[in-house]
Every structure is written in structure tokens, then in C-alpha cells.
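Everything on this sheet refers to the single structure shown next.
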Amino acid sequence: MLTVINPASEKVLVQLPEDDAVSVANKVVQAKAAQPIWAACSYRERAQAIERFSQLLSEQAGDLAATLTAETGKPITQARAEVRTTASRVAFFLEQAERVLAPETVLADAELGLQEQITHEPLGIIANISAWNYPYFVGSNVFIPALLAGNAVLYKPSEYASLTGRSIAALMQAAGVPEGIFQTVLGDGKVGALLLDHPLNGVFFTGSYTTGSKIAVAAAKHLMKVQLELGGKDAAYICDDVSVQTVAGAVADGAFYNTGQSCCALERIYVHEAVYEAFVEAFLTTVQGFQVGDPNHDETYIGPLARSAQLTVLEAQVSDALAQGATLLCGGKRLPRTGFFFAPTVLVAVNHSMSVMRDESFGPVIGIQKVKDDAEAAQLMADTPYGLTASVYTAERTRAERILSQLNTGTAYWNCCDRVSPRLPWSGRGHSGQGLTLSTYGIQTFTQPKAWHFKAWL
Ligand code: NAD
């Protein structure tokens with residue numbers, strides 16, 4: 001049985017039956033039987049089901065957000081924002097998919113009687129193994145375009161977001177997506193591994209680098225398509241020509257939103273020495289103003305961590321930094337209350353020999369390092385095996401572009417951070433992953449192109 005715990009109260013919410021080898025195998029059989037029928041439906045029929053799903057999501061947003069908060073500890077206003085914003089991502093896919101999936105004629109030569117065409121066939125049966133931190137976002141980035149393209153989806157929500165996974169499946173059914181086409185597989189990593197024992201047509205994974213490496217190995221056995229959206233150690237650089245008050249507030253939000261548990265949360269901040277003191281003071285004031293507490297309250301900005309084990313990771317990062325000479329400006333420890341709460345933590349006088357500046361923290365902990373110029377900032381920002389996002393805050397766009405173009409990241413931000421757009425590809429490089437979701441490329445990724453050569457008989 002899978003035990004679902006409320007991270008704010010530490011109480012058991014429910015126990016759910018987990019999938020096992022037999023039930024997973026049955027679900028694969030059902031998906032295989034259903035997928036050709038779904039793929040043979042018209043695009044309009046598939047799109048109508050997804051439109052209904054989106055409508056139901058919006059209608060039930062309040063209850064869905066409450067469930068998300070109960071099982072992950074996400075502050076309720078942020079849970080509501082996630083559910084509501086998901087509907088706008090679905091709208092993007094619905095606007096674009098028909099055009100992207102339509103056959104393309106790339107040559108029509110009447111004299112030769114030759115036509116060349118590309119059609120976009122679905123991959124077939126795909127596994128969507130997902131994370132808990134934004135289950136609606138990272139799930140829908142995969143399952144919505146995958147379904148629109150005619151695939152069957154075996155959706156394994158994180159064991160820390162199983163109730164949300166079940167809610168999504170119930171909405172899919174109510175929306176008219178056939179039963180075999182969208183199925184949840186419930187359980188922890190062992191159950192995820194069982195899924196990949198089957199020769200599926202692709203695995204689309206969101207999670208940590210460590211698990212992502214295992215997924216790639218498991219997928220290689222069947223030569224299935226692999227897409228990995230992994231962690232990050234995202235950096236921001238604050239130049240000497242900014243208004244520190246404004247930037248400090250925005251950057252603190254980028255580091256601490258969702259209690260720092262975002263793949264693209266700021267995890268490292270570099271500040272030009274000319275504005276360093278003023279920036280740190282303004283940043284600290286913002287962080288000390290964050291309301292920490294019950295995630296069910298509208299005024300709460302920082303809730304508990306979703307997983308108790310991460311408390312130990314954060315404690316180890318703080319003590320390693322302090323042992324190597326860092327200065328703690330606030331936080332640094334668990335809060336003495338029920339629930340997996342860690343105090344918002346700011347460390348300065350940090351450097352890259354410290355784990356807090358190298359390894360993903362995935363919690364409300366940030367290190368701020370002083371730099372003498374743009375060259376030093378760029379060199380430090382590049383000093384990571386991860387490559388998800390990077391941001392530069394400056395009055396000059398060309399200065400930001402000069403620095404960001406040197407960095408091996410999937411996303412570059414000028415005067416913003418921790419931002420995802422459905423219109424742009426979302427991808428990580430190096431330890432942050434391979435492949436992409438979102439944008440029109442994130443629709444095509446669920447298809448395999450077929451090359452047609454039509455030669456009229458002469
Ligand atoms: P995780 O790697 O612990 O788990 C992710 C999923 O993999 C879960 O569903 C888990 O049950 C499953 N799993 C674990 N072992 C498995 C195995 N051997 N075979 C198959 N499945 C297995 O990650 P998490 O804690 O759920 O998520 C946090 C991580 O995800 C962070 O590193 C975060 O940065 C990353 N993330 C990345 C993005 C992105 O878009 N790049 C988005 C959200 C989260």
C-alpha cells in the first residue's frame with residue numbers, strides 16, 4: 001500500500017493500493033489495444049476530449065488545489081495558480097496542435113508527377129513518469145500533446161502526488177478520453193521501474209538527475225525514445241546598474257517560490273561588488289518578510305517541504321557551508337513545529353567548494369556570492385554540470401545577451417527568472433536533461449515523422 005502523508009501535519013491522509021508487475025502488465029495490454037483506435041479518431045474528436053478536460057479542470061480548480069496542498073504542502077495560493085495556469089497551457093496546445101500535426105507537402109512537381117510529404121504519426125504507447133513539485137504543469141506538458149497526437153499514456157505520478165494523479169485520471173475519464181488511453185500507474189520508483197520493463201514506444205520523465213540516469217539505462221534495453229527533464233542549479237547575476245530594491249524582491253521570489261522546490265528556482269546568486277551590500281540588505285529584508293506557516297492559509301508564502309528526507313539534505317548543505325567559512329544571515333535549521341518545515345535560509349561569503357553552490361538544494365536555501373565583474377560572474381555561472389536556466393539583471397539588454405550566450409543552458413532570462421512559457425521550448429542541457437517539452441517542438445516530440453514519396457505512374 002502507498003501511504004500518503006500531509007507534510008504540514010505529518011498525518012496519514014490515505015492509503016492507496018499500489019500497482020504491481022501484474023497490474024502494470026495488464027495496463028500495457030489495455031493501452032496497446034486502445035491506442036490504434038484513438039489514433040484513428042479524427043483530430044477534432046481527440047481535441048474535444050481535451051477541451052472538456054480543461055473545462056473540468058477550471059471548474060474543479062478549488063478542490064484540486066486543496067488536494068495538491070494537502071499532499072505536497074504547496075501554499076494554497078500557489079496551488080490554485082498552478083491549476084488555473086494549466087488551463088492556459090492546454091489552450092496553447094489546442095491552438096497549435098492541429099496545424100503542427102497536419103501532413104506537410106514539401107514538394108509538388110507536376111512535370112515529374114512527384115509529390116513528397118511528411119506525416120506525423122504517434123509514437124504509440126508512452127510512459128509519463130512525473131515529479132511532485134508541479135504535477136499539473138510537468139504532467140500536462142507531456143500528456144496533453146501526447147494525447148492530441150494520438151498516443152496512449154501510462155501516467156505514473158510521483159508517489160508524493162498520487163492523489164493529484166488520481167484526480168487527473170478521473171477528469172480524463174469524465175472528459176471522454178477512453179479508459180485504455182490514459183491510465184495511472186501508482187507507486188514509488190520500483191513501480192516506475194516495472195513500467196519500463198515493457199517495450200513501450202517512449203518514456204517522458206521529469207525528476208532528478210540520479211533517477212533520470214536510471215531511466216535512460218532502462219529505456220536503452222528496448223531502444224525506446226527517452227526524454228528527460230531534470231534538476232538544475234540555476235544562477236542569477238545582478239549587475240551594477242540595477243535598482244537593487246526592485247531586483248532583490250523579484251530575485252527572492254525566484255529563489256523561494258514553492259518553498260524553493262522548483263526545477264528552475266534560483267539556487268545561486270552572484271552580485272556585482274558595487275551593489276553587493278545594498279542588494280544583500282534588500283534581499284534579506286524581503287526573505288525575513290516571507291510568511292511561513294500553514295499552507296492552507298492564503299497569506300502563507302513558505303510551506304513545509306514535500307519530503308522529510310530533504311530536511312537532512314538542507315541541514316548538511318548549511319553545516320558544510322558554515323564549516324568552510326560561510327556566514328548565515330537567516331534560517332539555517334528546521335522549524336520547531338510539526339511538519340517538514342525548514343526556515344528560509346540566506347548564506348553569504350559562499351564559494352564553489354561548498355555543496356550549497358554546487359548541488360541542487362531544492363528547498364528554501366540560497367547562497368549569495370560577490371563578484372568583481374561580468375567575466376567572473378560568467379565563469380562562475382558556467383561552473384556547473386547542470387544547464388537549465390540562467391538570468392542576468394541589468395539595464396542593458398546587450399550586456400545580458402553577451403553573458404547569457406556564453407552559458408550552456410536551455411533557457412536565458414533578462415531581468416526575469418523562474419518563468420516558463422508554453423510558446424517557448426523548455427529544455428535542459430547536461431545534467432538538466434535531454435529533449436524538450438512545450439512550444440510547437442513539444443508537440444512534434446510525441447510523433448514520428450513518416451516520409452512519403454508519391455510518384456504518379458508515367
Ligand atoms: P525523483 O527523481 O525522485 O522521482 C521522479 C519520478 O521518478 C517519481 O515518479 C518516482 O517514483 C520515479 N522513479 C524513481 N525511481 C525510478 C526508477 N528507478 N524507475 C522509474 N521511475 C522511478 O524526483 P522528484 O523528487 O519527484 O522531483 C524532483 C526533481 O525533479 C528535482 O531534481 C527537480 O529539479 C526535477 N524537476 C525538473 C523539472 C524540469 O522541467 N526540468 C520539473 C520539475 C522537477
Side-chain angles (χ1 to χ4, degrees), residues 2 4 7 16 18-19 24 71-74 82 89 127-142 154-162 164-165 184-198 200 203-221 224 226-234 257-267 305-310 313 340 359-363 384-389 409-411 418-422 424-439 442:
L2 184 63
V4 180
L16 301 173
E18 264 189 304
D19 274 287
V24 169
E71 67 179 341
T72 66
K74 185 183 292 255
E82 182 181 344
R89 290 205 186 176
N128 176 9
I129 300 181
S130 201
W132 50 266
N133 62 331
Y134 288 96
Y136 285 98
F137 285 162
V138 298
S140 64
N141 291 352
V142 172
L154 292 160
Y155 172 58
K156 198 202 89 58
S158 163
E159 58 272 38
Y160 297 98
S162 302
T164 293
T184 45
V185 172
L186 287 191
D188 61 11
K190 289 191 291 300
V191 177
L194 287 175
L195 192 51
L196 299 182
D197 281 343
H198 294 271
L200 308 176
V203 52
F204 294 77
F205 172 78
T206 309
S208 61
Y209 166 71
T210 310
T211 311
S213 314
K214 292 182 195 161
I215 299 284
V217 170
K221 212 169 43 190
M224 68 175 90
V226 188
Q227 192 157 296
L228 306 170
E229 303 218 326
L230 310 178
K233 193 69 190 168
D234 296 3
Y257 191 82
N258 200 24
T259 315
Q261 302 168 114
S262 306
C263 54
C264 53
L266 288 180
E267 293 245 341
L305 298 180
R307 300 162 304 164
S308 60
Q310 200 65 11
V313 173
F340 312 144
D359 305 319
E360 192 175 41
S361 305
F362 223 59
T384 174
Y386 289 105
L388 194 58
T389 83
T409 60
T411 291
D418 190 24
R419 177 177 192 277
V420 178
S421 162
L424 292 171
W426 183 247
S427 68
R429 301 183 186 176
H431 285 198
S432 293
Q434 62 185 50
L436 56 83
T437 51
L438 297 175
S439 78

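As the structure lists them, so they are numbered: ligands from 1, and atoms in each ligand from 1. Counting begins at 1 with the first residue of the sequence. Any value given below was found using the heavy atoms of this structure, including those in side chains, with hydrogens, waters and symmetry copies removed.
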Open item on the list: Taking 4.0 Å as the limit for heavy-atom contacts, which would you say applies to Phe205 with ligand 1: side chain only, backbone only, both, or neither?
Closed with: side chain

TODO: For Tyr160 and ligand 1, answer yes if some heavy atom of the residue is under 4.0 Å from a ligand atom, otherwise no.
DONE: no

Open item on the list: With respect to Asn133, determine whether any N or O atom, backbone or side chain, lies less than 3.5 Å from an N or O atom of ligand 1.
Closed with: no

TODO: Please determine if Ser208 has a nitrogen or oxygen closer than 3.5 Å to a nitrogen or oxygen of ligand 1.
DONE: yes

TODO: Check whether any side-chain N or O of Gln227 sits under 3.5 Å from a backbone N or O of Leu436 as a donor-acceptor pair, and report yes or no.
DONE: yes

Task: Part of Thr437 within contact of ligand 1 (heavy atoms, under 4.0 Å) - done: neither

Open item on the list: Between Gln310 (side chain only) and Leu305 (backbone N and O only), is there a donor and an acceptor less than 3.5 Å apart?
Closed with: no

Open item on the list: Using a 4.0 Å heavy-atom cut-off, which part of Leu230 comes near ligand 1: side chain, backbone, both, or neither?
Closed with: backbone

Open item on the list: Using only atom types and a distance under 3.5 Å, with no angle test, would you say the side chain of Asn258 pairs donor to acceptor with the backbone of Asn133?
Closed with: yes

Open item on the list: By the definition side chain to side chain contact (heavy atoms under 4.5 Å, CB included), identify the one residue from Leu186, Val138, Thr164 that meets it with Pro157.
Closed with: Leu186

Open item on the list: Under 3.5 Å between any N/O of Tyr209 and any N/O of ligand 1: does that happen in this structure?
Closed with: no

Task: Protein contact of atom 25 (O) of ligand 1 - nearest heavy atom, named by residue and atom, plus distance - done: Trp132 NE1, 2.9 Å

Open item on the list: Does the Lys NZ or Arg CZ of Lys74 fall within the cation-pi geometry relative to Tyr134 - under 6.0 Å from the ring centre and within 45° of the axis?
Closed with: yes

Task: Region of Val138 that comes within reach of ligand 1 [heavy atoms, distance under 4.0 Å] - done: side chain

Task: Which of the ligand 1 atoms, numbered from 1, are nearer than 4.0 Å to a heavy atom of Glu360 - done: 31 (C), 32 (O), 33 (C), 34 (O)

Open item on the list: I'd like to know if Tyr134 contacts ligand 1, where contact means a heavy-atom distance under 4.0 Å to any ligand atom.
Closed with: no

- [ ] Work out whether the distance between some heavy atom of Gly428 and some atom of ligand 1 is less than 4.0 Å.
- [x] no

Task: Backbone or side-chain N or O of Glu159 under 3.5 Å from ligand 1 N or O - done: yes

Open item on the list: Please confirm whether Gln261 approaches ligand 1 to less than 4.0 Å, judged on its heavy atoms.
Closed with: no

Task: Main-chain N/O of Val191 paired to Glu18 side chain as donor or acceptor, under 3.5 Å - done: no

Task: Ligand-residue contact atoms, ligand 1 with Gly192, heavy atoms, under 4.0 Å - done: 19 (N), 20 (C), 21 (N)

TODO: Using atom types as modelled and distance alone, determine if a side-chain donor or acceptor of Glu71 lies under 3.5 Å from a backbone N or O of Val4.
DONE: no

TODO: Would you indicate which of Ala131, Ser130, Gly189 comes nearest to atom 8 (C) of ligand 1 when only heavy atoms are counted?
DONE: Ser130

TODO: Give yes if a backbone or side-chain nitrogen or oxygen of Glu229 is under 3.5 Å from a nitrogen or oxygen of ligand 1, and no if not.
DONE: yes

Task: Structural part of Lys190 in contact with ligand 1, heavy atom criterion under 4.0 angstrom - done: neither

TODO: Tell me which part of Trp426 gets within contact of ligand 1: side chain, backbone, both or neither, using heavy atoms under 4.0 Å.
DONE: side chain

Open item on the list: Which of the numbered atoms in ligand 1 are under 4.0 angstrom from any heavy atom belonging to Ile215?
Closed with: 19 (N), 20 (C), 21 (N)

Open item on the list: Check whether Thr384 reaches the backbone of Tyr386 with its side chain - one donor and one acceptor, N or O, closer than 3.5 Å.
Closed with: yes

TODO: Could you see which bit of Ala218 sits under 4.0 Å from ligand 1, with heavy atoms only: side chain, backbone, both or neither?
DONE: neither

